[in-house]
S.K.: 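Structure provided below as structure tokens; questions to follow.
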Amino acid sequence: MENSLNLAAVTFDGVLALVLLVLAWQLLRSPNLFKAIVLFISFGLMLSLAWVRLKAVDIALAEAAIGAGLTGALFLTALDRLQRNNQKAGDSLISQPGKVIAGISVLALTCILGWTVWTLPPFSNQMLALVSSNMPISGVENPVTAVLLNFRGYDTLLEIGVLLLAAVGVLAVTPSAVMVADSAPSPILILLLRLLLPFIILVSGYILWIGKYAPGGAFQAGAVLAAGGILLATAAVRFNLSASKALPLATGIGLLIFLLVALATMMLRGNYLQYPVAQAGTLILVIEAAATLSIAAVLVLLFVGLKSDADCPVPGEDSKNFIFEEENTIK
Amino acid sequence: MNYYLWPALFILISVVVGLVRILRGPTAADRMMAAQLFGTGGVAILLILAQAMQMPSLVDVALIYALLAAITMVVFVRCQWRSHENTGEMEDESH
Amino acid sequence: MTIPLLYALVGVVLLGMGLYSLVMYSHLVRKILALNVSGAGVFLFLVAAADRTSGPLPDPVPHAMVLTGIVVAVSATALALALTCRIHQVSGTTQLTDNEPD
Amino acid sequence: MSLTDLFGSFLLLLAIPFFWGGSLGLLRFPDIYTRLHALTKADNLGLGLVVAGSILISKEWTVGVKLILIWLAVLTASTISCYLIANAARKRKINPWKIP
């Protein structure tokens, strides 16, 4: 479907673009942090519609798994801890002239970028031609997975290392490694877990497997698994981070297996990360399975690390009833 | 095939109307409900786009949406539960 | 005025909005939100640029980069939030004011 | 346009008023409990119609099974979150809206 300018497509994309801009504008402008975070969650959901309209289904999968499952949970947990003593989101500390200068310079930057986008040279298809000509030897049919795991495997190897660093960073900052939930989960929540968790694990495996033929793969599957893990973590009453051996181990497994395969290929075939064509598909699947596990473990660790910093609530403090009171947002 | 985009457009507009509840909603729970409206509307739009753009893999995106829609809500209720704790409600919490 | 060009321009405007509020507001969580919005703008521009191919299939290389970018952005956000909570716990404020002697 | 396509598109068109009803209900209703009604009931029914329409249009049974799974997942998700919110609201003594 080439980008024909029929009316339905133009109006849909126009409205979606407008929605994205309005959501972003309202989200950045609102001093009430909770409202900003809810707007950000909706922004993520609308953004994955934009990915779909741009025919980037892999990214829409990742955005859906991360936008719907993870970002909201991370922000809400952090907000809950930050607003324990009603620290209001104060306004800027920049002087008035400073604001004007910043505004003008950002506006100038945006106009320059907009002009360059408008006058971009026509698209040269070398990369696309290069990828599609090498697809047969990549061992998978989905071009994005081929680029991720085969043609640019080294980039993904380092990227999983970066995820590990983030997990180490959060653990370093977590003083109390014990996450204590405040109340026993209601039986309805346990029912939700019993219904959804097996389904989430099944879908995660399906997304991992489908990655070879259609949009899917390690990152999306890892994000879905992590969302299931977060659902479990919120229902858990108590979770001792330092005692749990499985989670930290699982975070390392992806990088370890990727490195082992890389070194093995270097030993056998002389150059780093060049898979033998016959076994390329299975090797990629092995790496992806390990990567899914470690991505899910890292993302769950990030959430639990954030949540386990929660010092227990100070009884008697008349912190206003956050959920249902009229929020007094300062203007 | 593009005429399927029209129902997607109308559902997108109905979802955007929910945005007003986020901006205006007095309590945090109203805002969270409107965010869930974005989720359900998003699933519907994705399903229609899957037919409009002839891409069956969009159904997987909608599947992930549907599965994870409950997570933000659960984290919201469980997470904000603490502030309820402080006001010393008499009733016993776990029933 | 093709569809990808529209999304590319939206991406650029999101980047501008994100940068502006990153500079403007001092509350750390608002800065993290602003960073995420400008990151989404950059990704939107990249994927829109990838969709300008003549054939039906878009170019997969920017897609792979944006995919890893999204996952790294989430873990960076989690780390930033953890640091913000730590600052809040230690210094009681969530704004980095340089004039406050520690 | 075969008959199933026609009927499928009719179902899609039928879903639109439900979504509109749900959104308007969310805006117009006075308190939390009534808004929960609007949100959970109207949207789930609208999504059910969209799923039925898509099954008719897509004609493959594999996609059909996945669509039904999606609908069931959304049903569980929204009913349970609706319960969680209503329960939390009642615990906070938010009494339902009374005709003034």
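Naming: A, B, ... by sequence-line order, numbering from 1 per chain.
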S.K.: Which bit of A/L74 is near chain C, if near means a heavy-atom gap under 4.5 Å: side chain, backbone, both or neither?
M.R.: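 Both backbone and side chain.
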S.K.: With chain C, which of A/T77, A/L70, A/N142, A/L163 has the greatest number of heavy-atom pairs at distances under 4.5 Å?
M.R.: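 Ranked by heavy-atom pairs under 4.5 Å with chain C, first place is A/L163.
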S.K.: Please lay out, stage by stage, how C/H63 and A/D58 fare under the test side-chain contact (heavy atoms from CB on, under 4.5 Å).
M.R.: CA-CA 8 Å; C/H63 286 201; A/D58 286 80; 5.6 Å; no
S.K.: If you compare all heavy atoms of A/L302 against all heavy atoms of C/A78, which two are closest, and at what distance to 0.1 Å?
M.R.: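 Closest pair (atom of A/L302, atom of C/A78, distance): CD1-CB, 3.6 Å.
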S.K.: Without placing hydrogens or testing angles, list every side-chain donor-acceptor pair under 3.5 Å for residues 32-46 of chain C, not counting sequence neighbours.
M.R.:
| residue | atom | partner | partner atom | Å |
| --- | --- | --- | --- | --- |
| C/N36 | OD1 | C/T77 | OG1 | 3.1 |
| C/S38 | OG | C/A34 | O | 2.9 |
| C/S38 | OG | C/L35 | O | 3.0 |

S.K.: Do A/K99 and C/M24 pass the side-chain contact (heavy atoms from CB on, under 4.5 Å) test, and can you show the C-alpha distance, the side-chain angles, and the key distance before you say yes or no?
M.R.: CA-CA 7 Å; A/K99 280 189 191 174; C/M24 204 43 65; 3.2 Å; yes
S.K.: Donor-acceptor check, side chain of C/R30 to backbone of A/L28, threshold 3.5 angstrom: yes or no?
M.R.: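 Yes, C/R30 side chain to A/L28 backbone: donor-acceptor pair under 3.5 Å.
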S.K.: Check each atom of A/A223 against the heavy atoms of chain C and say whether the ones under 4.5 Å are side chain, backbone, both or neither.
M.R.: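 No part of A/A223 comes within 4.5 Å of chain C.
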S.K.: Only pairs of heavy atoms separated by less than 4.5 Å count here; which of A/L54, A/L130, A/L21, A/V106 has the most with chain C?
M.R.: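 Highest number of pairs under 4.5 Å: A/L54.
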S.K.: Ignoring hydrogens, what is the shortest heavy-atom contact between A/G114 and C/V12? Give both atom names and the distance.
M.R.: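 Looking at all heavy atoms of both residues, the closest pair is N-CG1, 3.8 Å.
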S.K.: Looking only at heavy atoms, what is the nearest atom pair of A/A78 and C/L81, with distance?
M.R.: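 Heavy atoms of A/A78 and C/L81 come nearest at CB-CD2, 3.8 Å.
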S.K.: Could you state the interatomic distance from CZ (C/R86) to CG (A/L306), rounded to the nearest 0.5 Å?
M.R.: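 Reported value, rounded in 0.5 Å steps: 13.0 Å.
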S.K.: Do you know which of A/L120, A/L20, A/L61, A/L47 has the most heavy-atom pairs with chain C at a distance under 4.5 angstrom?
M.R.: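 If we count pairs closer than 4.5 Å to chain C, A/L120 comes out on top.
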S.K.: If every non-hydrogen atom of C/L79 is compared with every non-hydrogen atom of A/V170, which pair is closest and at what distance?
M.R.: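 Minimum heavy-atom contact is CD1-N, 3.5 Å.
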S.K.: Need one label for A/V144: side chain, backbone, both or neither, based on atoms under 4.5 Å from any heavy atom in chain C.
M.R.: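 Both parts, backbone and side chain.
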S.K.: Kindly indicate whether the side chain of A/L82, heavy atoms from C-beta on, has any atom under 4.5 Å from the side chain of C/C85.
M.R.: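 Yes; the side chains approach each other to less than 4.5 Å.
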S.K.: Quick one: what part of C/S75 sits under 4.5 Å from any heavy atom of chain A, side chain, backbone, both or neither?
M.R.: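 Contact with chain A is through both the backbone and side chain of C/S75.
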S.K.: When rounded to the nearest 0.5 angstrom, what distance separates CG in A/L27 from CE in C/M17?
M.R.: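 Output value for this atom pair is 9.0 Å.
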S.K.: In Å and rounded to the nearest 0.5 Å, what is the CG to CG distance from A/D13 to C/L5?
M.R.: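 A/D13 CG to C/L5 CG: 12.0 Å, rounded to 0.5 Å.
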S.K.: Just how far is it from atom CG of C/D59 to atom NZ of A/K55, taken to the nearest 0.5 Å?
M.R.: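 Taking CG in C/D59 and NZ in A/K55, the distance rounds to 12.5 Å.
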S.K.: Would you name the heavy atoms of A/G103 and C/Y20 that are closest together and state the gap between them?
M.R.: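 Closest pair (atom of A/G103, atom of C/Y20, distance): CA-CE1, 3.5 Å.
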S.K.: Among C/A73, C/G16, C/A64, who wins on heavy-atom pairs under 4.5 Å with chain A?
M.R.: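 Answer, by heavy-atom pair count under 4.5 Å with chain A: C/A64.
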S.K.: Locate the shortest heavy-atom distance separating C/L67 from A/A62; write the atom from each residue and the value.
M.R.: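 Taking C/L67 first and A/A62 second, the nearest heavy atoms are CD1-CB, 3.3 Å.
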S.K.: Just verifying a value: how many Å separate C/L6 CG and A/R53 CZ, rounded to the nearest 0.5 Å?
M.R.: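 Answer for the CG-CZ pair, C/L6 versus A/R53, is 10.5 Å.
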S.K.: Heavy-atom pairs under 4.5 Å with chain A are the metric here; pick the option from C/T68, C/V72, C/I70 that has the most.
M.R.: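 Most heavy-atom pairs within the cutoff with chain A belong to C/T68.
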S.K.: Counting only heavy atoms closer than 4.5 Å, note whether A/F75 contacts chain C via side chain, backbone, both or neither.
M.R.: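 Contact with chain C involves both backbone and side-chain atoms of A/F75.
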S.K.: Do the side chains of A/F43 and C/L14 get nearer than 4.5 Å, heavy atoms only?
M.R.: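 With C-beta onward as the side chain, the pair touches.
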S.K.: Tell me, side chain or backbone of A/W51 under 4.5 Å from chain C's heavy atoms, or both, or neither?
M.R.: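 The side chain, not the backbone.
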S.K.: Given a strict heavy-atom distance threshold of 4.5 Å, which part of A/L16 is in contact with chain C: side chain, backbone, both, or neither?
M.R.: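 It is the side chain, since no backbone atom gets that close.
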S.K.: If you measure from CG on C/L9 to OG1 on A/T110, what distance do you get to the nearest 0.5 Å?
M.R.: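 It comes to 11.5 Å.
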S.K.: At a 4.5 Å cut-off on heavy atoms, which part of A/L109 comes close to chain C: side chain, backbone, both, or neither?
M.R.: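 The answer is the side chain of A/L109.
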S.K.: Using a cut-off of under 4.5 Å for heavy-atom pairs, which of A/V131, A/I66, A/V162 has the most such pairs with chain C?
M.R.: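 Highest number of heavy-atom pairs under 4.5 Å: A/I66.
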S.K.: Pick one of side chain, backbone, both or neither for A/I59, based on which atoms fall under 4.5 Å of a heavy atom in chain C.
M.R.: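 Both parts, backbone and side chain.
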